[in-house]
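What follows is a single structure, written as structure tokens, with notes after it.
Order of appearance sets the numbers: ligands from 1, and atoms from 1 within every ligand.
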Amino acid sequence: MNNNQILIIKKTIEYVKGSQQGESTGHDWWHTERVWKLARNIAKTEKADIFIVELAALLHDIADFKFNNGDEKAGSRVSREWLEKIGVNEEDVDHICYIVENVSFKGANVKSKINSIEGMIVQDADRLDALGAIGIARTFAYGGSKGREIHNPNYKAELHDDFEKYKSSQNSSIGHFYEKLLLLKDKMNTTTGKEMALDRHKFIEQFLEEFFDEWEGKK
Ligand code: NI
């Protein structure tokens with residue numbers, strides 16, 4: 001990256017920090033920082049434009065649809081305003097905004113529209129942060145913020161083929177593991193992402209096993 005690009009990244013970090021500070025549903029600045037670090041890590045083994053990867057990772061949850069009354073375009077709109085303001089060229093702005101708009105998981109059977117290696121890297125990084133110990137912590141934080149139960153044995157998990165239905169799922173937090181988290185390892189894009197997802201996936205399976213043993217009073 002050249003000096004101007006490094007400066008743009010620095011400014012964007014401050015901007016995102018300011019707008020995500022104190023967020024309590026698992027989409028806070030620390031989530032963004034982890035995704036940014038993961039994305040940089042994955043990018044090392046891929047031929048990718050690191051400037052695009054870093055900016056898209058930093059902006060990927062700037063106005064998440066979950067918090068904008070279901071407005072899917074809010075994130076790319078806010079990103080575009082910011083990137084134009086700090087002088088990023090039009091082609092890069094378009095690419096970054098496309099990633100921001102399409103990075104999210106939208107249901108078990110909804111195909112992702114991500115089509116560039118930079119987007120695939122950011123998507124893998126975001127998905128890794130939904131797995132493992134951190135993924136578990138974030139699932140319950142998010143579920144609580146949505147008024148969801150920890151677990152309800154009467155609710156059957158659904159595999160959504162429609163984003164609207166996925167968004168309005170009334171599932172418990174444990175149900176969310178079956179509607180999203182456990183499916184992620186098979187949806188990773190890059191080789192590095194796939195490898196990293198395996199360990200985190202195993203950890204979630206162990207957690208669920210323990211959870212259900214305790215739920216049934218077995219241990
Ligand atoms: Ni995210």
Side-chain angles (χ1 to χ4, degrees), residues 9 12-13 15-43 48 52-80 82-83 95-108 110 112-114 116 118-146 148 160 163 166-167 169 173 176-177 179-185 187-190 192-194 196-197 200-201 204:
I9 299 286
T12 304
I13 290 171
Y15 168 65
V16 176
K17 245 188 208 172
S19 75
Q20 289 186 319
Q21 206 75 273
E23 205 276 344
S24 64
T25 72
H27 295 79
D28 54 2
W29 160 251
W30 305 114
H31 162 64
T32 297
E33 190 187 54
R34 289 189 303 269
V35 170
W36 174 51
K37 285 180 183 166
L38 278 165
R40 283 198 303 186
N41 212 354
I42 297 169
I52 300 280
V53 169
E54 293 203 24
L55 281 179
L58 287 167
L59 290 164
H60 87 278
D61 271 340
I62 191 72
D64 197 294
F65 71 83
K66 299 176 202 78
F67 314 105
N68 274 281
N69 304 318
D71 178 2
E72 276 177 74
K73 307 238 186 248
S76 58
R77 209 167 45 235
V78 175
S79 299
R80 182 171 296 277
W82 168 252
L83 294 168
H95 189 177
I96 293 161
C97 290
Y98 186 83
I99 298 173
V100 171
E101 198 174 315
N102 292 290
V103 75
S104 281
F105 182 85
K106 296 191 166 120
V110 182
S112 168
K113 289 186 190 157
I114 288 289
S116 67
E118 290 79 12
M120 288 176 187
I121 290 169
V122 175
Q123 189 171 57
D124 277 3
D126 193 32
R127 288 176 170 180
L128 284 168
D129 207 55
L131 291 173
I134 288 189
I136 294 170
R138 290 181 66 224
T139 297
F140 291 106
Y142 181 69
S145 81
K146 293 291 249 180
R148 289 182 181 166
H160 302 99
F163 182 40
Y166 171 71
K167 261 195 298 191
S169 169
S173 290
H176 188 66
F177 284 78
E179 293 186 350
K180 177 180 173 185
L181 274 53
L182 291 168
L183 311 174
L184 291 178
K185 81 163 172 34
K187 292 180 180 287
M188 303 299 286
N189 304 298
T190 64
T192 311
K194 275 180 196 147
M196 291 172 85
R200 293 184 183 221
H201 180 87
I204 286 184

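- Using cut-offs of 30° and 60° for the angle between ring planes, the His176 and Tyr142 rings count as tilted.
- Sorting the N, O or S atoms of Asp126 by how far they are from the Ni ion (ligand 1) puts OD1 first.
- Within the coordination shell of the Ni ion (ligand 1), defined by N, O or S atoms under 2.8 Å, Asp129 is absent.
- Here the angle at the Ni ion (ligand 1) defined by NE2 in His31 and NE2 in His60 stands at 90°, rounded to 10 degrees.
- The salt bridge (Lys or Arg N to Asp or Glu O under 4.0 Å) search around Arg34 returns Asp129, not counting sequence neighbours.
- Side chain to side chain, Gln123 and Asn189 meet the donor-acceptor criterion of an N or O pair below 3.5 Å.
- Restricting Asp61 to its N/O/S atoms, the shortest distance to the Ni ion (ligand 1) is reached by OD2.
- Take Tyr98 and apply the ring pair (Phe, Tyr, Trp, His ring centres under 6.0 Å) test, not counting sequence neighbours, and it matches no residue.
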